[in-house]
2 protein chains.
Amino acid sequence: MKEVHTYFTKWADAVALTHDGARPTIRADYPEPLWIQAVNLINDQIARGVLRPGMRIAPERELCQQLGISRVTLRKALTKLVADGVLSASHGRGWYVASTAPARRNEWPNTLESFSETAAHMGLTATSSILRAAEAASTVDEAEELQIAPGTRLFRLERVRLLDDVPIALDATRVPTTLVTGLDAVDFSHASLYEELASRGLEPARADAKVEARQATDDEAGLLALDKRTPLLVMRQLAFDAQNRPLFSSTIRYAGDRYRLKTQFVRSTAAGPTR
Amino acid sequence: MKEVHTYFTKWADAVALTHDGARPTIRADYPEPLWIQAVNLINDQIARGVLRPGMRIAPERELCQQLGISRVTLRKALTKLVADGVLSASHGRGWYVASTAPARRNEWPNTLESFSETAAHMGLTATSSILRAAEAASTVDEAEELQIAPGTRLFRLERVRLLDDVPIALDATRVPTTLVTGLDAVDFSHASLYEELASRGLEPARADAKVEARQATDDEAGLLALDKRTPLLVMRQLAFDAQNRPLFSSTIRYAGDRYRLKTQFVRSTAAGPTR
DNA sequence: AAGTGGTCTAGACCACCCC
DNA sequence: GGGTGGTCTAGACCACTTA
């Protein structure tokens, strides 16, 4: 495809990273990998206003000298910054700072967060009222979804999720006991399921989610203290670890007028998998 | 954190990629970059069943020889496959094929798709009934969202979106005329907005979305031929290009019982941006 | 101690953009 | 032609896992 748009007719001046004092603080001592230090350094410069939206930054080979790292390492950092939407590259022209005020930028591309973590980010306290926390045999549907044998025992956790004591959602989560046992001994009115799983070596890496809207039933309306006509935002989630093993499934029914889901879609680039 | 879980007590046998005929088809001629060829090759081997879920693949240094590429290039391919959830690495132990049948795996991590593209994937035909397609001055709110001066003219496109002639959603999209002009001359009852933008050099790279549920108004119910009590799934979307310039905003109101949003959340790894 | 992934380097060539 | 990003290589050292 032909590029129709031209941004500048003349070259923008490149901006060096070292405008204050000696060489920037990239140390080979190894507290953190060099490329992560480079990412943080550039993020800092943008936050500090040394690098402003739309600016062209110094060419790669020059940055390498300034930072004292190799080009391969620098490019690993730049790649990460592109993924975060902080920089963008233009082939024969240079690197440019993305044009959004960094303060308003999103934290992470598309984060899988627990309810507790989301609450913490908002400065609220997440608690739960437990409706059920027990092991039982799985149904055929549950077994298929979690890729276990039908009848395998599941830990079922059903909670009313509260933010600062206001009921927000109904959360029904199922974890196969083939992955973890002893969850029924935990008090989940304050504990976080994510943390419990993490402490047992189970780390969710991603989750597929389906979202739909429907009316609340009488039961649901009662538990969430809703007007019966209020719609629910229903999110059905299946979480996997890095090996794509299903870890747990959860259905979260949010009160339609008390919650808003946020997500970010990314346009796929290059090498889409072979079907 | 300490790793609690141990997967194997004994080493799994490594699996080579070359089980059929001569060396696999990675050619330096350059139709595609070598690392993309490697990605495709490994995806193919998994699809063909040579590599099966849970298997350990040959160590990096061995694969380099088999494929005739350098370790850096191979690792670029492996990194991509990790991002796609196809492989996972374990430090001192090796590379493992993720344990989900590849056929059931998702296409792309989290795709930004147009309605037309989504329809095509489902084998349906997307059409539109145009409610409005005209330029007008922006309101203060619209201007702020799109980062333009208030009063700047916008192209407003309002459509009923149909799949195989069934009304699915109401789509209201606004594009600043500072980015593109002449859109009011296009017949959007069949044309795709994404394609029109792409042909003018505007490529969306990502979009922030907020999703909520609410009841349909009488007007909305009428346009979508809904029972008035059916809830709507409302998605408010703001699309950006690679430089983070806002390209357009769109509000899509789906009939709650005719559509289901799918998305994927990814657990953020390493180097979270500085706040 | 040996095997493996994780990080890093110096140097090369190509493709694209602009003068 | 000169500057710039995109790709690729060979080789090195470190950290983690398993024996």
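Side chains are part of it too, since the values below use all heavy atoms of this structure and drop only hydrogens, waters and symmetry mates. Lettering follows sequence order; numbering is per chain, from 1.
The nearest whole Å value for the distance from the CD atom in B:Glu32 to the C1' atom in D:dT7 is 14 Å. Summarising the geometry, the separation between CD on A:Gln37 and C1' on C:dG6 is reported as 15 Å, rounded to the nearest angstrom. Regarding A:Ile57, its CD1 atom lies at a distance of 15 Å from the C1' atom of D:dG3, rounded to whole Å. Residue B:Arg93 contributes atom CZ, which lies 11 Å from atom C1' of C:dG5 at whole-angstrom precision. Between the C1' atom of D:dT9 and the CZ atom of A:Arg75 lies a distance of 15 Å, rounded to the nearest Å. In this structure, A:Lys80 places its NZ atom 19 Å from C1' of C:dC8, rounding to the nearest Å. Rounded to an integer number of Å, the gap from CZ of A:Arg56 to P of D:dG3 is 12 Å. Distance B:Leu74 CG to C:dT4 P: 14 Å, rounded to the nearest Å.
In the set C:dT9, D:dG6, D:dT18, D:dG6 carries the atom at the smallest distance from any side-chain atom of A:Arg71. With D:dT4, C:dT4, D:dT9 as the choices, the nucleotide that has an atom nearest any side-chain atom of A:His91 turns out to be D:dT4. Among C:dT7, D:dC8, C:dC17, the nucleotide with an atom closest to any side-chain atom of B:Ser70 is D:dC8. Of the candidates D:dT7, C:dT9, D:dC13, D:dC13 carries the atom nearest the B:Arg61 side chain, counting heavy atoms from C-beta on. Here C:dC8 is the nucleotide among C:dG5, D:dT9, C:dC8 with the atom lying nearest to any side-chain atom of A:Leu34. Side chain of A:Glu60, nearest nucleotide from D:dT7, D:dG6, D:dT9: D:dG6.
Taking side-chain N and O atoms only, A:Trp95 has no distance below 4.0 Å to OP1 or OP2 of D:dT4. Contact check, A:Ser90 against C:dC17: no side-chain N or O comes under 4.0 Å of OP1 or OP2. The side chain of B:Lys76 places no N or O atom within less than 4.0 Å of a non-bridging phosphate oxygen (OP1 or OP2) of D:dC8.
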Evaluate side-chain contact (heavy atoms from CB on, under 4.5 Å) for B:Arg75 paired with B:Trp35, printing each intermediate quantity in order.
CA-CA 8 Å; B:Arg75 293 198 100 249; B:Trp35 69 270; over 6 Å; no
Working note: B:Phe248 + B:Leu197, criterion side-chain contact (heavy atoms from CB on, under 4.5 Å); need CA distance, chi angles, decisive distance, verdict. CA-CA 10 Å; B:Phe248 62 86; B:Leu197 291 176; 3.7 Å; yes
Checking side-chain contact (heavy atoms from CB on, under 4.5 Å) for the pair B:Ile148/B:Ser138: CA distance, chi angles, key distance, verdict? CA-CA 9 Å; B:Ile148 55 179; B:Ser138 60; 4.2 Å; yes
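When heavy atoms are screened at a 4.0 angstrom cut-off, A:Ile69 is found touching the sugar-phosphate backbone but no base atom.
Under 3.5 Å, the side chains of A:Arg245 and B:Ser99 contain no donor-acceptor pair of N or O atoms.
Other residues, nucleotides and ligands contribute over 12 non-hydrogen atoms within 6.0 Å of the CD atom of B:Glu135.
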